[in-house]
Amino acid sequence: NKGCPSMFNLQHTIEAVQTNCDIADARHARDMSLCNYLLAMREFYRWEQQIPFVQSLKKGDISTWLSQREAKWSELEENDYLPIPIAGHDHDHFDTAAINRALKEHGLVYGSGYGRWGRPHFFLAQLLRCEERSNVSILVSGHEYARNIAAPPAALNRNTVFLRKDAMQRWLLEKIEIWGSSKTDGALKAMFDCYGVGNDAETKLDFIAEQESETLILHEMGEAMAEPLLGEAWHEMLSSFNLRHHELLARAVRDNLADCLSTLPELIARDKTCSLHFYFSNFDGLRKSLFPSLAEAYEYWNENGDVVALHNAIEAGSIHWHKVARDILAAWIDNPAKAGIMIESYGQNFSELML
């Protein structure tokens, strides 16, 4: 039972959540690129088999398990999602608030929702702590008893932030392993140096995850701050896009806005040097290509210790990305059928606006 507390009456809950995870994965997991799919399955195998982080994996065992998992998915793909049974009462699998009210006394937390491209996500985990900030609930979880192949370390669902420390540790381990093959200079190495990790980052995995949990929470708090600025129509727009690139572009704009509103100002105000390196080790892809002035400001700060350039980029970014997000939304509201083309055209000029 993957280390579940001695709550035999909740075993059916765990099994129902994992079944729904498996159904979602059967329908969506193979939508990933082949490289991302294999990396995700490798990590999922480690979780399911309860293999310690530092233990090597046997390729033959993974291959056999992968074939068995894909065969299982083929059987589940057309199944309906199950209700979540708790103490004799069935809950809708997306009624996250009601399920968590029922689970809180048992020291468990449940998450559900939709991720990129409409993929459903579910998880059930040990509840470590909960707190309130600015009318936002923050639920921090530990050991996970049920989950999808993809396990985002943090997410905002309406007015609740879910921080998954187990998933975060696994995500960090993957970054450490990838970096370990080349040990290139950059923000990730700067973070390791800042924490005094040396050549054995795995030994401080728990410590780094604990420290950087706050960075992820700050980003989700920024997402919560962006909610009233953009409104419910933003979510409707995201779910309407037919091309993935349009959704990724819109999400990158909102991520940049959230980080200018919350993550970066707070890290600077708290003088969190290691966390700033951690943030920029994950500042890549569309977010970075759309916001080159922020990357340049980080490089300047890293070399000179002068935070003024970062302050200026963040202040300008908070205004700019709010405007860009509102312009995208207005274009979609005006003509949903052509909004994707308009956003694509507009997107080609975003980086030029921030140079």
Side-chain angles (χ1 to χ4, degrees), residues 1-7 10-11 13-26 28-30 32-73 76 107-111 121-128 140-154 162-183 188 192 195 197-213 216:
N1 61 7
K2 301 185 179 70
C4 179
S6 55
M7 301 175 183
L10 288 178
Q11 188 60 35
T13 305
I14 296 170
E15 291 172 357
V17 177
Q18 188 57 54
T19 297
N20 287 346
C21 291
D22 292 340
I23 293 171
D25 289 340
H28 300 283
R30 285 164 287 196
M32 301 180 187
S33 68
L34 181 59
C35 179
N36 287 338
Y37 174 72
L38 293 176
L39 284 173
M41 288 297 277
R42 180 173 177 269
E43 190 274 318
F44 189 54
Y45 171 79
R46 183 187 290 276
W47 169 80
E48 186 178 88
Q49 302 299 313
Q50 303 182 68
I51 298 173
F53 291 139
V54 296
Q55 183 175 324
S56 300
L57 302 178
K58 297 179 180 179
K59 292 182 179 179
D61 292 344
I62 297 177
S63 298
T64 301
W65 173 87
L66 180 60
S67 298
Q68 293 171 345
R69 179 50 49 114
E70 291 181 335
K72 179 180 179 180
W73 283 348
L76 290 173
L108 297 173
V109 60
Y110 173 80
H121 289 278
F122 311 99
F123 78 93
L124 183 69
Q126 171 195 21
L127 177 62
L128 296 180
V140 180
S141 62
H143 183 83
E144 300 195 338
Y145 311 123
R147 49 158 281 190
N148 295 90
I149 175 179
F162 295 89
L163 192 284
R164 302 166 60 178
K165 289 190 67 176
D166 183 272
M168 183 176 182
Q169 287 183 324
R170 296 175 187 280
W171 174 58
L172 282 172
L173 180 66
E174 184 178 290
K175 292 177 67 67
I176 290 168
E177 289 180 337
I178 293 173
W179 175 79
S181 64
S182 60
K183 290 185 167 35
L188 189 60
F192 291 150
Y195 280 126
V197 168
N199 293 321
D200 190 12
E202 289 89 345
T203 60
K204 286 197 173 183
L205 189 62
D206 288 350
F207 177 74
I208 296 173
E210 179 63 32
Q211 295 298 309
E212 297 310 330
S213 291
L216 300 192

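Residue numbers count from 1 along this sequence. Please read all numbers here as calculations on a predicted model, not as lab measurements.
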Salt bridge (charged side-chain N to carboxylate O under 4.0 Å, His left out) partners for E43, two or more places apart: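 Counting only residues at least two positions away or on another chain, E43 forms a salt bridge (charged side-chain N to carboxylate O under 4.0 Å, His left out) with R147, R170.
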The criterion is salt bridge (charged side-chain N to carboxylate O under 4.0 Å, His left out); which residues satisfy it with E210, sequence neighbours excluded?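 By the salt bridge (charged side-chain N to carboxylate O under 4.0 Å, His left out) rule, E210 matches K165.
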Roughly how far, to the nearest 0.5 Å, is [atom2] of [Y] from [atom1] of [X]?
X	Y	atom1	atom2	result
L127	F162	CG	CZ	10.0 Å
Q55	Q50	CD	CD	11.5 Å
M32	L38	CE	CG	10.5 Å
L163	L128	CG	CG	9.5 Å
M168	L216	CE	CG	4.0 Å

Heavy-atom pair with the smallest gap, counting every atom of A26 and W73: CB-O, 3.4 Å
Please report the shortest heavy-atom distance between V17 and A146, naming the atom on each side.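 The answer is CG1-CB, 3.7 Å.
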In terms of relative ring orientation, are Y145 and H143 parallel, tilted or perpendicular, with 30° and 60° separating the classes? tilted
Taking only residues two or more places apart in sequence, or in another chain, which ones meet S63 in a side chain to side chain donor-acceptor pair (under 3.5 Å)?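 In terms of side chain to side chain donor-acceptor pair (under 3.5 Å), with neighbours along the sequence ignored, S63 is linked to no residue.
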For D25, all residues meeting side chain to side chain donor-acceptor pair (under 3.5 Å), sequence neighbours excluded: N148
List the residues meeting side-chain contact (heavy atoms from CB on, under 4.5 Å) with [X], not counting sequence neighbours, and say none if there are none.
X	result
L57	R42, Y45, R46, I51, I62
Q68	T64
L39	C35, E174
A167	E144, A151, R164

Check whether any side-chain heavy atom of F122 lies under 4.5 Å from a side-chain heavy atom of I23, and answer yes or no.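 Side-chain contact under 4.5 Å: no.
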List for me each residue that meets ring-ring contact (aromatic ring centres under 6.0 Å, His included) alongside F207, sequence neighbours excluded, and say none if there are none. Y195
Pairs involving residues 59-71, ordered by first then second residue, that meet salt bridge (charged side-chain N to carboxylate O under 4.0 Å, His left out) (sequence neighbours left out):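 Found D22-R69, E48-R69.
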